[in-house]
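Worksheet for the structure shown next.
These values consider heavy atoms only, across backbone and side chains, with no hydrogens, waters or symmetry-generated copies. Counting starts at 1 for both ligands and their atoms, following the listed order. Numbers here are sequence positions counted from 1.
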Amino acid sequence: MAIGDAGGVGPELAAKLLADPAMADKDVVVVGDASVLKMGADHAGVTLDLPVVSADQAGSLPPGHVLVDLGNIPAGTVTLGRSSPEAGAASLQNFAAVLRLARAGIADAVMFTPFNKHSMRLARPAYVDEIGFIDRVLDTDRSGREFNVLEEVWNARVTSHIPLSEVASRMSVERILASLRLTHETMTGAGKPNPRIGVAALNPHAGDGRNFGTEDDDIIAPAVAAGVAEGIDAKGPIPSDTVFVRAIRGEFDAVLTMYHDQGQIAMKLMGFDRGVTLIAGYGFPIVTPAHGTAFDIAGKGKADGGATLQAALLGARLAALNPARDRRTLPADWATSGVGGAAALVAE
Ligand SMILES: NC(=O)C1=CN([C@@H]2O[C@H](COP(=O)(O)OP(=O)(O)OC[C@H]3O[C@@H](n4cnc5c(N)ncnc54)[C@H](O)[C@@H]3O)[C@@H](O)[C@H]2O)C=CC1
Ligand SMILES: NCC(=O)COP(=O)(O)O
């Protein structure tokens, strides 16, 4: 688990999670600054007692909970409730390190408490969100996709962190078909085989006979037909004001939306305190609560830990389906390939 943005609720949520009895039997490698985790524990009102190892310590990690202290953002320098390049750089270092633990087969799943994308961008202007950074750290061009997960329904999206004004121009049959395939594969791999996917329309009333836009007829409908021809159980375009209603009535296991908030609003209304974001496509699950850094309540001990716990449990459940090979032994070149390499990536 990477500790999220030090100025937000991430440290508090990480501490709360570690103190949760539901995590007592889980092996958790926490990566971040020890003083920030202590600050989070103080905010959360919990006491943590876990072994601390330094970043360049090769060898075996103890079972249970352990903190890898990167010493990258002393708590005394943190301004709560504000984005900063320092917090962004530390977040990216923490994230790169846990990604490399997973790539090395040491961790089965990756989790992070909320990052702040503005902080991250202040530190690394090249990346607008986590996806490009994951590709860089893992040397892939997989461009994984984000899912929002509630037990009763999953939400995948065709476009994500882009301006709303660009959504229509970024839609294509190929892109929607790729999202359908990844939704089908990811949910099947997660123990929900052959998911029934409702595909949201872009325009009001799915265009209403081309009255309100042509994308539903010209792009979404052919993409759904192509998915169905491949054996994917997809239906749409379905007017987006009712597609989630139909899902929670039991018609769909997942909804594919065209843009970020088309799904997020529905999902957060249904389960703000238990929503999980799953980033799929990298061979191991990457999970985080669906809510963000909550700068307005950072440091106040008010952050609800429900979504963070659900993220951890989902990560553990998915990881159990595909366990890592070489658990808990750091690679010999960890100092340079692991955290050292991660720090260099952030500085480059
Ligand atoms: N898991 C992650 O890494 C996520 C990161 N973000 C990032 O977080 C930053 C802030 O995003 P916003 O849109 O402002 O959303 P936000 O989720 O941080 O805050 C929205 C509202 O929800 C409340 N809230 C959030 N989490 C809460 C919790 N655990 N308990 C009680 N109340 C909570 C906040 O106090 C605020 O009023 C952005 O940089 C965004 O990119 C957003 C979503 C997920
Ligand atoms: N990429 C994780 C994350 O930030 C999830 O939140 P969202 O911005 O996609 O809503």
Task: Distance-only donor-acceptor check, side chains Asn203 and Asp216, under 3.5 Å - done: yes
- [ ] For Ser172 and Arg175, test the side chains for any donor-to-acceptor distance below 3.5 angstrom and give the result as yes or no.
- [x] no
Open item on the list: Show me, by chain and number, every protein residue that has a heavy-atom distance under 4.0 Å to ligand 2.
Closed with: Phe112, Lys117, Glu130, Glu146, Arg157, His161, His260, Gln264, Thr277, Ile279, Thr288
Measure from every N or O atom of ligand 1 to the protein's N or O atoms and keep only the pairs below 3.5 Å, writing each with atom names and distance to 0.1 Å.
from, atom 1, to, atom 2, distance (Å)
ligand 1, 1 (N), Thr288, OG1, 2.8
ligand 1, 1 (N), Pro289, O, 2.8
ligand 1, 1 (N), His291, O, 3.3
ligand 1, 3 (O), Phe115, N, 3.0
ligand 1, 8 (O), Thr293, N, 3.2
ligand 1, 8 (O), Thr293, OG1, 3.4
ligand 1, 17 (O), Gly292, N, 2.7
ligand 1, 18 (O), Thr293, N, 3.1
ligand 1, 18 (O), Ala294, N, 2.8
ligand 1, 26 (N), His291, ND1, 3.1
ligand 1, 29 (N), His291, NE2, 3.2
ligand 1, 29 (N), Asp304, N, 3.3
ligand 1, 29 (N), Asp304, O, 2.9
ligand 1, 30 (N), Asp304, N, 2.8
ligand 1, 35 (O), Asp296, OD1, 2.7
ligand 1, 35 (O), Asp296, OD2, 3.1
ligand 1, 37 (O), Asp296, OD2, 3.0
ligand 1, 39 (O), Asn116, ND2, 3.3
ligand 1, 39 (O), Lys117, N, 3.0
ligand 1, 41 (O), Lys117, NZ, 3.1

Task: Arg124 side-chain N/O to Gly88 backbone N/O, donor-acceptor pair under 3.5 Å - done: no
- [ ] Would you check if the side chain of Asp253 reaches a backbone N or O of Arg196 as a donor-acceptor pair within less than 3.5 Å?
- [x] yes
Open item on the list: Does any part of the side chain of Glu215, heavy atoms only, come nearer than 4.5 Å to the side chain of Met258, both counted from C-beta?
Closed with: no
Open item on the list: Do Trp154 and Leu278 have side chains that approach each other closer than 4.5 Å (heavy atoms only, starting at C-beta)?
Closed with: yes
Open item on the list: Can you pull out every side chain to side chain donor-acceptor pair (under 3.5 Å) where at least one residue sits in residues 291-304? Sequence neighbours excluded, please.
Closed with: Asn116-Thr293
Task: By side-chain hydrogen bond (donor to acceptor under 3.5 Å, both in side chains) - contacts of Lys38 (at least two apart) - done: Asp42
TODO: Fit a plane to each ring of His260 and His161, take the angle between them on a 0 to 90° scale, and name the class: parallel (under 30°), tilted (30 to 60°) or perpendicular (over 60°).
DONE: tilted
